[in-house]
Amino acid sequence: MPKLKLALYWASSCGGCEIGQLQIGTKLLQLAAVADIVFWPVAIDVKYKDVEAMPDKSIDVCLFNGSIRTSEQEHMAKMLRDKSNVLISYGACACNGGIPGLANFYNRDMIFNRAYIETPSTDNAGKTMPQTSFQSPQGVLTLPEFYETVRSLAQTVDVDYFVPGCPPEERTTWLALEALIEGKLPPKGTVISNNVKAVCDDCPRKKNVKKVKSFYRTFQMVPEPETCLLEQGLICAGIATRGGCGAPCPQANMPCTGCYGAPEGVIDQGAHLLGAVASVIDSTDPDEIKSIIDNISDPAGTFYRYSLPVSLLRRAKIK
Amino acid sequence: MVWEPKIVGFLCNWCSYRGADLAGISRLKFAPNVKVIRVPCSARVEPAFVLKAFQSGADGVIILGCHPGDCHYSEGNYKTMRRVPLLKKMLAQLGIEDDRVALDWVSASEGEKFASVVDAMTEKVRALGPFTSNNAEELEHAKT
Ligand code: FES
């Protein structure tokens with residue numbers, strides 16, 4: 001059997017997905033036995049023009065991580081879609097927008113202002129802002145366009161499979177790679193994970209009746225190690241997040257932050273988590289309810305930490 | 001065409017829907033802007049329903065249920081009472097004004113209250129103007 005041609009690419013992301021891919025450890029050798037890597041900017045020197053020169057559908061599988069916020073990323077997404085037989089949306093950013101998707105609470109002007117003018121360490125008296133093209137004596141210099149809104153990969157091009165996580169856990173990555181190597185791919189559109197139920201299903205903590213008088217942020221308390229974190233007043237997103245990760249965060253005394261995205265059948269992760277959090281509030285008095293809610297300082301950012309671009313509203317409305 | 005507020009109303013079957021019915025039978029005059037969706041209980045209204053309404057072009061959403069203590073399922077409206085303020089706090093961060101979402105209690109005998117709640121909501125939303133999400137502008141960039 002000829003070796004599989006594998007491409008890996010990163011768009012708006014942090015590089016953590018590459019670490020996620022390396023986490024499979026010695027299984028990399030198993031992968032190397034059946035696949036050749038034809039494009040991987042983090043590790044091998046293949047230029048965009050080399051990819052451009054590849055015939056359409058000549059790449060067997062492309063693992064694409066990162067969300068889409070610039071014209072360059074959009075261009076690469078489209079090119080890799082054309083060149084690849086199977087395009088996998090790899091990691092929380094590609095799948096759901098991820099942490100870069102939180103930029104959808106703002107627009108381009110606000111982001112540029114913050115980054116190039118307001119930040120305390122910035123000295124930019126001339127208020128120079130990034131331009132898409134600039135005439136220098138040596139010729140025209142160009143930069144990709146920065147879009148108003150961050151999008152997921154599937155909001156940009158047709159995607160075959162989704163591998164969730166920030167970054168995907170080793171077991172999740174291997175589940176996808178194994179399916180590829182063995183040629184046993186699930187139906188198109190599948191979110192590849194070891195569990196379609198919520199993280200709570202993976203989580204060994206004891207679950208009782210949830211009644212909460214006060215919410216805490218992680219630095220405000222040391223949780224008891226065996227009881228459900230939400231019951232202890234920590235906003236744990238496990239209840240509104242796809243399992244399969246094995247619940248490593250709750251087992252390390254940290255609440256789930258939601259990186260695997262919505263479980264099967266849930267259309268809006270943030271709204272789902274909001275419903276769960278509100279229902280554990282232990283009060284029937286509107287004033288007390290208000291004061292309990294007051295100590296949730298950033299509900300939108302907390303509930304949509306990784307999924308604002310794929311939520312029903314996709315972004316904040318800016319006046 | 002003159003713009004008229006489009007408001008989605010989620011009315012619980014046991015009290016508020018009947019209150020609305022009473023307002024109709026009593027031939028009360030009230031704003032025709034609320035499109036009623038009957039739900040078994042106010043607690044059936046998941047936060048996603050409200051977002052979906054805005055995503056689908058609603059300018060406002062009103063949720064009406066039995067008075068606290070009177071829910072047909074005993075505790076449902078207490079859940080709603082906790083959910084709506086948290087939802088409003090989150091919606092504010094998404095740029096949706098407080099007055100675009102309302103929660104009130106209307107019993108089966110309160111036809112008059114139903115009419116006045118609907119009128120007040122309609123005027124508040126009218127004052128805010130149409131809700132247009134930023135999705136349109138975003139889609140402009142989706143050149144696929
Ligand atoms: S049945 Fe009316 S609010 Fe629950």
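Side-chain atoms are counted along with the backbone in the values below, which use heavy atoms only and exclude waters and symmetry mates. Each chain gets a letter, A, B and so on, in the order its sequence line appears, and its residues count up from 1.
No side-chain donor-acceptor contact under 3.5 Å links B/Q55 to the backbone of A/L313. Looking at A/K317, its side chain does come within 3.5 Å of a backbone N or O of B/T132 through a donor-acceptor pair. B/R82 contributes no side-chain N or O that, together with a main-chain N or O of A/A278, makes up a donor-acceptor pair within less than 3.5 Å.
Residue A/K197 qualifies as open at atom NZ: its count of foreign heavy atoms under 6.0 Å is 12 or below. Heavy-atom neighbours of B/K113 NZ from other residues, nucleotides or ligands within 6.0 Å: above the threshold of 12. Other residues, nucleotides and ligands place more than 12 heavy atoms under 6.0 Å from the NZ atom of A/K57. Around atom CZ of A/F215, more than 12 heavy atoms belonging to other residues, nucleotides or ligands sit under 6.0 Å away. Environment of NZ in B/K29: sparse, with no more than 12 heavy atoms of neighbouring residues, nucleotides or ligands closer than 6.0 Å. In B/Q93, the CD atom is crowded: over 12 heavy atoms of neighbouring residues, nucleotides or ligands sit closer than 6.0 Å. Counting non-hydrogen atoms of other residues, nucleotides and ligands closer than 6.0 Å to CZ of A/R217 gives a total of 12 or fewer. Counting heavy atoms of neighbouring residues, nucleotides and ligands inside a 6.0 Å radius, atom NZ of B/K52 does not exceed 12 of them.
One finds the NZ atom of A/K290 at 12.0 Å from the NZ atom of B/K88 (value rounded to the nearest 0.5 Å). The CD atom of B/E75 sits 8.5 Å away from the OG1 atom of A/T284 when rounded to the nearest 0.5 Å. In this structure, CZ in B/R83 is found 8.5 Å from CG in A/L274, a value given to the nearest 0.5 Å.
B/L86 is listed as a side-chain neighbour of A/P299, based on a closest heavy-atom distance under 4.5 Å. The closest side-chain heavy-atom distance from A/L312 to B/F54 is not below 4.5 Å.
Only the side chain of B/K79 comes within contact range of chain A, with heavy atoms under 4.5 Å apart. Only the backbone of A/S283 comes within contact range of chain B, with at least one heavy atom under 4.5 Å from a heavy atom of that chain. If you measure heavy-atom distances from B/P68 to chain A, you find no contacts under 4.5 Å at all. Looking at A/I292, neither its backbone nor its side chain comes within 4.5 Å of chain B, counting heavy atoms on both sides. Contacts between A/I289 and chain B at a heavy-atom distance below 4.5 Å involve the side chain alone, from C-beta outward. Neither the backbone nor the side chain of A/D158 comes within contact range of chain B; no heavy atom of the residue lies under 4.5 Å from a heavy atom of that chain.
If you tally non-hydrogen atom pairs under 4.5 Å between each of A/I296, A/D268, A/V277 and chain B, the highest count goes to A/I296.
The two residues A/A271 and B/A48 make their nearest non-hydrogen contact at CB-N, 3.6 Å.
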